Q: 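To start, I am sharing the structure in question, which I have written as structure tokens.
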2 protein chains.
Amino acid sequence: MSDPKRKKTTARGKRMDPKDREAMIVKEAVLYFAEHGLEGSTRKLARQIGITQPLLYRYFPSKESLIERVYQEVYVQRWNSKWDSLIPDRSQPLKQRLYRFYKEYAAAVYDYVWVRIFVFSGLKGVDINDRYLAIIREKVLEPVCTELRVIGNLPTPEKEPLSEAEIEWVWGLHGMFFYRAIRHFVYGLPMDTDIDAAIENDIDTFLAGAKATQKKILKKAKG
Amino acid sequence: MSDPKRKKTTARGKRMDPKDREAMIVKEAVLYFAEHGLEGSTRKLARQIGITQPLLYRYFPSKESLIERVYQEVYVQRWNSKWDSLIPDRSQPLKQRLYRFYKEYAAAVYDYVWVRIFVFSGLKGVDINDRYLAIIREKVLEPVCTELRVIGNLPTPEKEPLSEAEIEWVWGLHGMFFYRAIRHFVYGLPMDTDIDAAIENDIDTFLAGAKATQKKILKKAKG
DNA sequence: TTCTTTATTTATCATTTGATAATCTAATAA
DNA sequence: TTATTAGATTATCAAATGATAAATAAAGAA
């Protein structure tokens, strides 16, 4: 308050350092488009930021480029490469690995902005989703399938390639997890207070069920 | 082709029977808004129908009222009351009941229009979703919880009310089921060819897992 | 045929929207 | 103080949008 420099870089409306102003615009744009969708107007966005609409065009040549920047902000490096090693790490039980992975993953993606922009983009058919879902398949679904093969004393994927039915089956686990986020951030239902417990329940149920049903599923996949 | 009456009631653009024209508008509006979202323009909709844009306003006083009609068309009576009796019918095993319910339910809601308009509405915060999700809770989640209590030789909901943790848990089963539709109709991923088999796998896995984890979950819910 | 009715189109309006140009003004340097 | 730079606003445009009014034309009645 008494520091004039602080005022200079945070005051709304007037003469801000370009770096700070741009960051401010991006930050607010992320929130604005997450709430109203990518068709939201630049005027209302500007009002939310506390600037005039043409000022947006000093920082971004078009609305499209601003949205592109929003995608960068929300999705780039949203897959943390340290997660890669969690699921395949056989030094501990698969259940523990999945607990850890999905809890850490939840901390990143159980997020208003992340979920809503992802769904908005999906409905619009933006390619961002395809790219991201390919990562999910490669880094989550296929590793989980592989580990389930190991647990079930079944051939490795090298000997017997993963079938679509198996992948589809493991999408079930992921669906338990991610549909919770959709219920909350898209439908507006309340989120369970103990999220970690709910995640553990998903995993417990799926893994216990997997043991009992794996052979049936793989047999059907082959036949 | 040779029947002049047929031409009269299906030709695009000119002098159609009002009932038919209205039906045509609604049918196309459902498809159009499912694809482009509820913010789609009336002009593009009119072009898709093959009529001029002002003609829409002879049949509907406003865009809003047309969308209201679309909601009616898509959601009213989308919960078939005959489903009510499937899950509680103890004359057959729960697994068979769930197979039947979810397969019949899939025939209704694994549908481009249904899923997309539901998600569009959810993002927009329309109350339709809340009302529908309340039905899911009452007609699916709570009955499934109740039946799982019976199978587990646990107190009925009258003696021991259903906890939020239990409901949350059973949302997992529903999430397996419905996230498949989201993957396909929102993200555009291919849908497994054998949908019935995939649904059975969901149910098999959840029920087998339920047996193994139910007590843990209920204990945690109480403590 | 002519008249009447009304489904449909053409013309148009007021707002909103993405975008640009011109103007203003705060900060710094000379 | 004055001049210069550049961040920000005001004014404005062209296209798109929801909506209305007037004009057109197809079908049946007289």
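Residue numbers begin at 1 in each chain, while the letters A, B, ... track the order of the sequences. Any value given below was found using the heavy atoms of this structure, including those in side chains, with hydrogens, waters and symmetry copies removed. Everything numeric in this text was worked out from a predicted model, so none of it was measured.
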Q: Donor-acceptor check, side chain of A:R69 to backbone of A:V26, threshold 3.5 angstrom: yes or no?
A: no
Q: For B:D17 and C:dT8, give me the distance from atom CG to atom C1', rounded to whole Å.
A: 14 Å
Q: Ring centres under 6.0 Å, that's the criterion: do A:W114 and A:F185 meet it?
A: no
Q: Residues two or more places apart in sequence or in another chain: which of them pass side-chain contact (heavy atoms from CB on, under 4.5 Å) with B:A197?
A: A:K220, B:D194
Q: Is the cationic atom of A:K103 (NZ for Lys, CZ for Arg) positioned less than 6.0 Å from the six-membered ring centroid of A:Y99 and within 45 degrees of its normal?
A: yes
Q: Under 4.0 Å from any atom of DNA chain D, heavy atoms only: list the residues of residues 34-45 of chain B that qualify, in numerical order.
A: B:G40, B:S41, B:T42, B:R43, B:K44
Q: Got a sec, which residues hit side-chain contact (heavy atoms from CB on, under 4.5 Å) with A:K19, two or more places apart in sequence or on another chain?
A: A:D17
Q: Round to a whole Å and report the spacing from CD of B:Q53 to P of C:dA7.
A: 18 Å
Q: Send over the distance from A:K63 NZ to C:dT16 C1', rounded to a whole Å.
A: 12 Å
Q: For DNA chain C, which residues of residues 64-72 of chain A approach it to below 4.0 angstrom with any heavy atom?
A: none
Q: For a quick check of understanding: with a heavy-atom distance under 4.0 Å over all strands, which category does B:F60 fall into, base, sugar-phosphate or nothing?
A: nothing
Q: Below the 4.0 Å mark, does C:dA7 have OP1 or OP2 next to a side-chain nitrogen or oxygen of B:Y59?
A: no
Q: Distance check: side-chain N/O of A:R21 vs OP1/OP2 of D:dA8, anything under 4.0 Å?
A: yes
Q: Which residues pass the ring pair (Phe, Tyr, Trp, His ring centres under 6.0 Å) test with A:H184, sequence neighbours left out?
A: none
Q: Verify the contact: side-chain N or O of A:Y57 to OP1 or OP2 of C:dA21, cut-off strictly under 4.0 Å; return yes or no.
A: no
Q: Show the distances under 3.5 angstrom between N or O atoms of the protein and N or O atoms of nucleotides 23-26 of chain C.
A:
from   : atom 1 : to    : atom 2 : distance (Å)
C:dA26 : N3     : A:R15 : NH1    : 3.2
C:dA26 : N3     : A:R15 : NH2    : 3.1

Q: With B:D111, which residues qualify under salt bridge (Lys or Arg N to Asp or Glu O under 4.0 Å), at least two apart?
A: none
Q: Round to the nearest Å and state the distance from A:D20 atom CG to D:dA8 atom C1'.
A: 15 Å
Q: Quickly work out the B:I49 CD1 to C:dT8 P distance and round it to whole Å.
A: 11 Å
Q: Identify which nucleotide among D:dG18, D:dT9, C:dT8 has an atom closest to any side-chain atom of B:M16, counting heavy atoms from C-beta outward.
A: C:dT8
Q: For residues 117-133 of chain B, which residue pairs pass the side-chain hydrogen bond (donor to acceptor under 3.5 Å, both in side chains) check, not counting sequence neighbours?
A: B:Y71-B:S121, B:Y105-B:Y132
Q: Kindly write out the residues that satisfy side-chain contact (heavy atoms from CB on, under 4.5 Å) with B:K27, not counting sequence neighbours, or none if the list is empty.
A: none
Q: Check every atom of D:dA8, C:dA7, D:dA19 against the side chain of A:L55 and return the nucleotide holding the closest atom.
A: D:dA8
Q: Kindly state each residue pair satisfying side-chain hydrogen bond (donor to acceptor under 3.5 Å, both in side chains) with at least one member in residues 50-63 of chain B, sequence neighbours excluded.
A: B:T42-B:Q53
Q: Give the rounded distance in Å between these two atoms: CD1 of B:I51 and P of D:dA25.
A: 19 Å
Q: With sequence neighbours left out, what residues match B:E104 under side-chain contact (heavy atoms from CB on, under 4.5 Å)?
A: B:K82, B:W83, B:L86, B:R100
Q: Rounded to whole angstroms, how far apart are CG on A:L56 and P on C:dA21?
A: 17 Å
Q: Within the 4.0 Å heavy-atom criterion, would you say B:P54 contacts the bases, only the backbone, or no part of the nucleic acid?
A: base
Q: In whole angstrom, what separates A:E22's CD from D:dA6's P?
A: 17 Å
Q: Which residues pass the side chain to side chain donor-acceptor pair (under 3.5 Å) test with A:D196, not counting sequence neighbours?
A: none
